[in-house]
Amino acid sequence: MNIKASNHLLPYFFAFLLCFTGYAQTPSDPNLLAAESYLQQKNFAKAIQALDLVFQVQAKPPDTAFGLMATAQLNTGNKEQALSFTERGLAAYPNSTKLAEFYVALLGDVATADETKTKLEQMVERQPRSIIFRKALARLLSNSSAQAEALFTGLVRDLPRDAEAHYLYAQWACVNDKNELCVRESTKAIALSGMNLYAVMQLNTLRGIANDTLNRVPQAEAAFHQARAANRKLPKPSPHATFKFVEFLTKRNREAEAQTLNDELLKSFPEFGEAHFERAKSLAKQKRNAEAITPAKRALALLEKDPKQAKAIHAFLAKTHFALGQTTDAELHQQAVEAIK
């Protein structure tokens, strides 16, 4: 992996250089200074040689040495060594913010989701007060365990004015059907997020979903409208947020409004499979089965890698072909339904 490919890590790499330049350039540390220079030249092999001398000479090298060695190792393809040096640095300097931030970025770049979760759990166990590691782990958690809930409640307790902490708690609550909690925490996060349109869009979508589940129709609709208003102002709007509003309107039997919004969604996002499937279902409700086949097949082509979605679309197509008397096609789709586990 070369440094151009590691865009996720570049900000942390340069943050290390900026933060520790003064230390590294002291006359007593020429090898660290040389390593910095080699890294800036993208001469990673030479940087490793210089840093090897730092580790040989100093019993406890400065925390920047661990981060720079990890960067050099990563850029020569040695991701295990990169992780190892960062972990060694954190063991020696548990309060180093830069190393902690670098480690979180490094995990996101080189580790699987399961590996990242395991390593972050270990870090939180070792450093239970670390906001950086607790937040990073919270971004990955979706289960309803007592351990997960304790992590989120601890974050909002320690960071009562932190919008992201409340957002993460709201998201977790929504996923786990804790809808009152989701509404409460998303409302707090919106109040703290200022003019962050992306956060306002996401949080109001969560509020809409939770209020809908609680059968608070006016509150849910108001939240979806607020999410849509924020979404429209984003440089890259989210089709998922808009589609949640479509689902809300469909559930409330407001078919005309739902399909008008769904048509707008398809115009802006023609590759959004869920909207094609929604269009197909709407046509079927109107007894326009022959017209429903085309958007359903389009949805299947776009969503075939999602087993749950693919199974639902195959089932829809089997039923629709059967209604049209097209038994061969219906049987093919029914076989596909049975083949998906």
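The analysis underlying the following values was restricted to heavy atoms, covering all of them including side chains, and did not include hydrogens, waters or symmetry mates. None of these values were measured; they are calculated from a predicted model. Positions are given from 1, in the same order as the sequence printed here.
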Engineer: Any chance you could measure Q127, atom CD, to L90, atom CG, to the nearest 0.5 Å?
Structural biologist: 6.5 Å

Engineer: How far apart are the closest heavy atoms of L155 and A138, and which atoms are they?
Structural biologist: CD1-CB, 3.8 Å

Engineer: Could you check whether any side-chain N or O of E36 sits under 3.5 Å from a backbone N or O of L32, counting only pairs where one atom can act as donor and the other as acceptor?
Structural biologist: no

Engineer: Could you check whether any side-chain N or O of N179 sits under 3.5 Å from a backbone N or O of N211, counting only pairs where one atom can act as donor and the other as acceptor?
Structural biologist: no

Engineer: Once rounded to the nearest 0.5 Å, what's the spacing between atom CD of E164 and atom CD of Q171?
Structural biologist: 10.0 Å

Engineer: Look only at the side chain of S268 and the backbone of L265, and say whether a donor-acceptor pair between them is shorter than 3.5 Å.
Structural biologist: no

Engineer: One thing to verify: whether R298 and E271 come together as a salt bridge, which I'm taking to mean a side-chain N less than 4.0 angstrom from a carboxylate O.
Structural biologist: yes

Engineer: Begin from the C-alpha positions of T118 and Q122 and carry the test side-chain hydrogen bond (donor to acceptor under 3.5 Å, both in side chains) through to its verdict.
Structural biologist: CA-CA 6 Å; T118 298; Q122 292 169 349; over 6 Å; no

Engineer: Using the ring centroid of each side chain, check whether F55 and F85 are separated by less than 6.0 Å.
Structural biologist: yes

Engineer: Which value, rounded to the nearest 0.5 Å, describes the distance between T76 atom OG1 and I48 atom CD1?
Structural biologist: 4.0 Å

Engineer: If you count heavy atoms of other groups shown closer than 6.0 angstrom to CD of Q147, is the number above 12?
Structural biologist: no

Engineer: Looking at K46, I want to see if its NZ is surrounded by more than 12 non-hydrogen atoms of other residues, nucleotides or ligands under 6.0 Å.
Structural biologist: no

Engineer: Would you mind writing out the side-chain donor-acceptor pairs for residues 332-341 within the sub-3.5 Å range, not counting sequence neighbours?
Structural biologist:
unit_1	atom_1	unit_2	atom_2	d
H333	ND1	H314	ND1	3.0
Q334	NE2	E338	OE2	3.4

Engineer: Given side-chain contact (heavy atoms from CB on, under 4.5 Å), test I293 with L317 step by step and report yes or no.
Structural biologist: CA-CA 7 Å; I293 297 294; L317 283 165; 4.0 Å; yes

Engineer: Does the salt bridge (charged side-chain N to carboxylate O under 4.0 Å, His left out) test come out yes or no for K117 and E121, once each step is laid out?
Structural biologist: CA-CA 6 Å; K117 181 174 176 291; E121 286 174 338; 2.7 Å; yes

Engineer: Any carboxylate oxygen within less than 4.0 angstrom of a Lys/Arg side-chain nitrogen, looking at R184 and E180?
Structural biologist: no

Engineer: If only atom types and distance count, is the side chain of T86 paired as donor or acceptor with the main-chain N or O of A82 below 3.5 Å?
Structural biologist: yes

Engineer: Given 3.5 Å as the limit, does a donor-acceptor pair link the side chain of W172 with the main chain of R139, or not?
Structural biologist: no

Engineer: Supply the atom-to-atom distance Q226 CD to N204 CG, rounded to the nearest 0.5 angstrom.
Structural biologist: 4.5 Å

Engineer: According to a 4.5 Å side-chain heavy-atom criterion applied to Ile, Leu, Val, Met, Phe, Trp and Tyr, with indirect links allowed, do L39 and L99 form part of one hydrophobic cluster?
Structural biologist: yes

Engineer: Flag the pair D63 and K98 as a salt bridge only when some basic side-chain nitrogen lies within less than 4.0 angstrom of an acidic carboxylate oxygen.
Structural biologist: no

Engineer: Once you round to the nearest 0.5 Å, how far does CG of L324 lie from CG of N289?
Structural biologist: 5.0 Å

Engineer: Apply side-chain contact (heavy atoms from CB on, under 4.5 Å) to residues D263 and R279 and explain how you reach the verdict.
Structural biologist: CA-CA 8 Å; D263 288 344; R279 176 66 177 152; 4.2 Å; yes

Engineer: Would E278 and F243 count as a side-chain contact (heavy atoms from CB on, under 4.5 Å) here? Give the steps.
Structural biologist: CA-CA 9 Å; E278 182 65 27; F243 190 67; 3.8 Å; yes

Engineer: Would L159 and K135 count as a side-chain contact (heavy atoms from CB on, under 4.5 Å) here? Give the steps.
Structural biologist: CA-CA 11 Å; L159 301 169; K135 272 192 175 183; 4.0 Å; yes

Engineer: Search all heavy atoms of A292 against all heavy atoms of F316 and return the closest pair with its distance.
Structural biologist: CB-CZ, 4.0 Å

Engineer: Any ion pair linking D109 and K79 (charged N to carboxylate O, less than 4.0 Å)?
Structural biologist: no

Engineer: Counting distance only, does the side-chain N/O of H276 pair as donor-acceptor with the main-chain N or O of P270 below 3.5 Å?
Structural biologist: yes

Engineer: Under the 3.5 angstrom rule, does the side chain of N75 hit a backbone N or O of T71 as a donor-acceptor pair?
Structural biologist: yes

Engineer: Say you draw a straight line from OG1 of T116 to CE of M123; how long is it, rounded to the nearest 0.5 Å?
Structural biologist: 12.0 Å

Engineer: Give a yes or no on this: more than 12 heavy atoms of other residues, nucleotides or ligands lie within 6.0 Å of atom CZ of F322.
Structural biologist: no

Engineer: Answer yes or no: is there a donor N or O on one side and an acceptor on the other, between the side chain of S193 and the main chain of I190, under 3.5 Å?
Structural biologist: yes

Engineer: Under a 4.0 Å N-O cut-off, is there an ion pair linking R254 with E221?
Structural biologist: yes

Engineer: Counting only N and O atoms by type, is there a donor-acceptor contact under 3.5 Å from the side chain of R134 to the main-chain atoms of G154?
Structural biologist: yes

Engineer: Hey, does E304 have a side-chain heavy atom less than 4.5 Å from the side chain of I313?
Structural biologist: no

Engineer: Do L197 and Y167 land in one hydrophobic cluster if side-chain heavy atoms of ILVMFWY residues count as linked below 4.5 Å?
Structural biologist: no

Engineer: With a sphere of 6.0 Å drawn around CZ of R161, does it hold more than 12 non-hydrogen atoms of other residues, nucleotides or ligands?
Structural biologist: no

Engineer: Quick one: is the NZ or CZ of K119 closer than 6.0 Å to the six-membered ring centre of F133, and within 45° of its axis?
Structural biologist: no

Engineer: Examine the side chains of E331 and T327 and answer whether a donor and an acceptor come within less than 3.5 Å of each other.
Structural biologist: no

Engineer: Would the number of heavy atoms belonging to other residues, nucleotides or ligands and lying under 6.0 Å from NZ of K281 be above 12?
Structural biologist: yes

Engineer: Any pair with a residue in residues 188-224 that passes ring pair (Phe, Tyr, Trp, His ring centres under 6.0 Å), sequence neighbours left out, goes on the list, sorted by first then second residue, please.
Structural biologist: F224-F245, F224-F248

Engineer: Show me, pair by pair, the donor-acceptor contacts under 3.5 angstrom made by side chains of residues 228-240, not counting sequence neighbours?
Structural biologist:
unit_1	atom_1	unit_2	atom_2	d
R228	NH2	E264	OE1	2.5
N231	OD1	S238	N	2.7
N231	ND2	S238	O	2.9
N231	ND2	T242	OG1	3.3
S238	OG	H240	N	3.3
S238	OG	A241	N	3.2

Engineer: Would you kindly confirm whether L302 and L283 end up in one hydrophobic cluster when ILVMFWY residues are joined by side chain heavy atoms under 4.5 Å apart?
Structural biologist: no

Engineer: Linking I/L/V/M/F/W/Y whenever any side-chain heavy atoms sit under 4.5 Å apart, do L266 and L249 land together?
Structural biologist: no

Engineer: Distance-only, no hydrogens or angles: does the T213 side chain make a donor-acceptor pair with backbone N or O of I209 under 3.5 Å?
Structural biologist: yes

